[in-house]
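Predicted model only: the values in this text are computed from it and were never measured. Lettering follows sequence order; numbering is per chain, from 1.
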Number of protein chains: 2
Amino acid sequence: MTQVRPMRADARRNYERLLKVAAEAFAEHGENASLDDIAKRAGVGSGTLYRHFPTRQALLEAAYVDRIEALGTRADELAKELPPGEALAEWLYEVCVGTIQVRGMKALLGSAVSDGTNVTLTVCGTHMKSAAQRLVEAAQQEGTLRKDIEPIEVLRLAHGVSTASELANGQGKHIRRYLSLLTDGLRPAAQGE
Amino acid sequence: MTQVRPMRADARRNYERLLKVAAEAFAEHGENASLDDIAKRAGVGSGTLYRHFPTRQALLEAAYVDRIEALGTRADELAKELPPGEALAEWLYEVCVGTIQVRGMKALLGSAVSDGTNVTLTVCGTHMKSAAQRLVEAAQQEGTLRKDIEPIEVLRLAHGVSTASELANGQGKHIRRYLSLLTDGLRPAAQGE
DNA sequence: TACTAAACGGAGACAGTCCCCGCTTACCTC
DNA sequence: GAGGTAAGCGGGGACTGTCTCCGTTTAGTA
């Protein structure tokens, strides 16, 4: 219903520029990169930046949607290549790697799966949740994942694993280990689910 | 070796004041509470604050050492009251609760178990690690915890669980659940440790 | 070519960090 | 108690970052 009058050419140009520069800046300096600095590097005034992206979150999300979408696609690829349980495990691994390696993604993924009152970040959250849901349900069908676990819980726990790996430093060297410790806990136990 | 000339009376007074106010401020506003504001509330100039506590970390640590020490004591109490496995589980639960409920503790506990190059935060890190070590070793003796797990890893994973629970919101309502998922993964699996 | 609404941009108000250095005062000595 | 002195104080101010406001510029249209 929103009137979708096409963006003016200069506006579109600035928008793209900002996205490109922002992705670089967040990757380099983390989620707290200076916004005025991003504007400057993109060759626009800070007013322009704030008009296009009212909050840091908005910019962060816009800068990384494509990566998030790529994770969604990746989920489907893995679902075709591997048995459900392994597909889920591998996907979570890749999610964790992204979380740690691309500084700035952590904040985005974190708020994407958070239950806060900020209704803002629908896009990324939706993508991640639907991808997780497909893999989780398949694994549950297969019997390699407890039935009482929600897709979003898996995402939150993966975020926890990322945090733990980050503390251990070493560029995510510990992700596989911590993730497998978690996965063992997720499998149906001998005495029943 | 360090010359331990006793603090001047006014200095000591200010020091105590700052600690008290800082603990309140961090609890209320999280780890990013304004330092100048803390100084003001304590009735001292900001110079005084920065002389006593050169970094935010230093103040954070000083403000919460007693809580950390309490966690150490608590570990021993639990070790007496419960079988090792349960003692460890309960202790981790209390650690997570502290992490979530007292805003500001999270940053402190996080850097206490991080592997970063900042050698600063020895005190809290040491306390936590030694407490964890006692419980972990006992549980391993008992056979309720995999032998290939380091005490510090347990602390890092607990931090991850805190993060995950925080995302779920609800004031730590999910800690027990997420922690038990993790614990199940830590138990020796049927096919061997 | 002229018009107008959309978009720009940067000055400036505000908030936080942290240092510097002239001033104050607790403590010691006599 | 008086005086000397170094320990300690404190707030002004430089700096960095956020975010808004509004006069100016310009793309798109007729």
Side-chain angles (χ1 to χ4, degrees), chain A residues 2-63 103-104 107-108 111 118 120-121, chain B residues 2-63 103-104 107-108 111 118 120-121:
Chain A
T2 324
Q3 193 71 358
V4 268
R5 178 189 300 252
M7 245 179 179
R8 232 171 72 171
D10 54 346
R12 156 139 259 111
R13 207 163 42 234
N14 286 332
Y15 185 92
E16 309 283 1
R17 275 297 264 303
L18 281 169
L19 279 191
K20 188 165 161 294
V21 172
E24 289 168 16
F26 285 135
E28 188 174 351
H29 301 109
E31 57 159 334
N32 289 321
S34 160
L35 295 185
D36 274 28
D37 194 56
I38 289 176
K40 202 162 289 170
R41 281 211 255 166
V44 305
S46 48
T48 301
L49 184 152
Y50 286 99
R51 193 165 343 93
H52 285 304
F53 310 100
T55 65
R56 179 181 294 275
Q57 273 301 329
L59 179 55
L60 199 52
E61 181 162 21
R103 309 191 55 189
L108 177 55
S111 51
N118 47 342
T120 344
L121 349 122
Chain B
T2 325
Q3 194 68 0
V4 268
R5 179 189 298 253
M7 245 177 180
R8 231 170 74 171
D10 53 346
R12 156 139 258 113
R13 208 162 43 234
N14 286 332
Y15 185 92
E16 308 283 0
R17 274 298 261 305
L18 281 168
L19 279 192
K20 188 165 161 294
V21 172
E24 287 168 16
F26 285 135
E28 187 175 351
H29 301 109
E31 57 160 333
N32 288 321
S34 160
L35 296 185
D36 275 29
D37 194 56
I38 289 176
K40 202 162 288 171
R41 280 211 255 167
V44 305
S46 49
T48 300
L49 185 151
Y50 286 99
R51 193 167 342 94
H52 285 305
F53 310 98
T55 65
R56 180 180 294 274
Q57 272 302 330
L59 179 55
L60 198 52
E61 180 160 22
R103 308 192 54 189
L108 177 55
S111 52
N118 48 341
T120 345
L121 350 121

Applying side-chain contact (heavy atoms from CB on, under 4.5 Å) to A:Y50 and A:D36, what does each step give before you reach the verdict? CA-CA 9 Å; A:Y50 286 99; A:D36 274 28; 3.9 Å; yes
Step-by-step side-chain contact (heavy atoms from CB on, under 4.5 Å) determination, B:V44 to B:Y15: CA-CA 10 Å; B:V44 305; B:Y15 185 92; over 6 Å; no
Whole-Å distance between [N] [atom2] and [X] [atom1]?
X     : N      : atom1 : atom2 : value
A:N32 : C:dT17 : CG    : P     : 13 Å
B:E31 : C:dT17 : CD    : C1'   : 15 Å
A:I38 : C:dG9  : CD1   : P     : 16 Å
A:R12 : C:dA6  : CZ    : C1'   : 15 Å
B:L49 : C:dC19 : CG    : C1'   : 13 Å
B:F53 : C:dC18 : CZ    : C1'   : 16 Å
A:R17 : C:dG9  : CZ    : C1'   : 14 Å
B:Y15 : D:dA7  : OH    : C1'   : 17 Å

On DNA chain C, compare the nucleotides closest to B:L35 and B:D10; which residue's is nearer the 5' end? B:L35
5'-most by nearest nucleotide on DNA chain C - A:G45 or B:G47: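 Comparing both residues, the 5'-ward one is A:G45.
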With a non-hydrogen cut-off below 4.0 angstrom, is [X] in contact with a base, only sugar-phosphate, or nothing?
X     : result
A:D37 : nothing
A:R56 : sugar-phosphate
A:S34 : sugar-phosphate

So, is [X] near the phosphate of [N], with a side-chain N or O under 4.0 Å from OP1 or OP2?
X     : N      : result
A:R51 : C:dA7  : no
A:T48 : C:dG9  : yes
B:Y50 : C:dC19 : no
B:N14 : D:dG8  : no
A:H52 : C:dA7  : no

With a 3.5 Å cut-off and just heavy-atom distances, do the side chain of A:D36 and the base of D:dC19 make a donor-acceptor pair? yes
Quick one: the side chain of A:R8 and the base of C:dA7, do they pair up donor-acceptor inside 3.5 Å?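 For A:R8, whose side chain was compared with the base of C:dA7, there is no donor-acceptor pair (under 3.5 Å).
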Quick one: do A:D37 and A:R41 satisfy salt bridge (Lys or Arg N to Asp or Glu O under 4.0 Å)? Show the steps, please. CA-CA 6 Å; A:D37 194 56; A:R41 281 211 255 166; 3.6 Å; yes
For the pair A:L18 and A:H52, evaluate side-chain contact (heavy atoms from CB on, under 4.5 Å) and give the outcome as yes or no after the intermediate values. CA-CA 9 Å; A:L18 281 169; A:H52 285 304; 4.1 Å; yes
Which residue in the set B:R12, B:K20, B:R13 passes side chain to side chain donor-acceptor pair (under 3.5 Å) when paired with B:E16?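 That would be B:R12.
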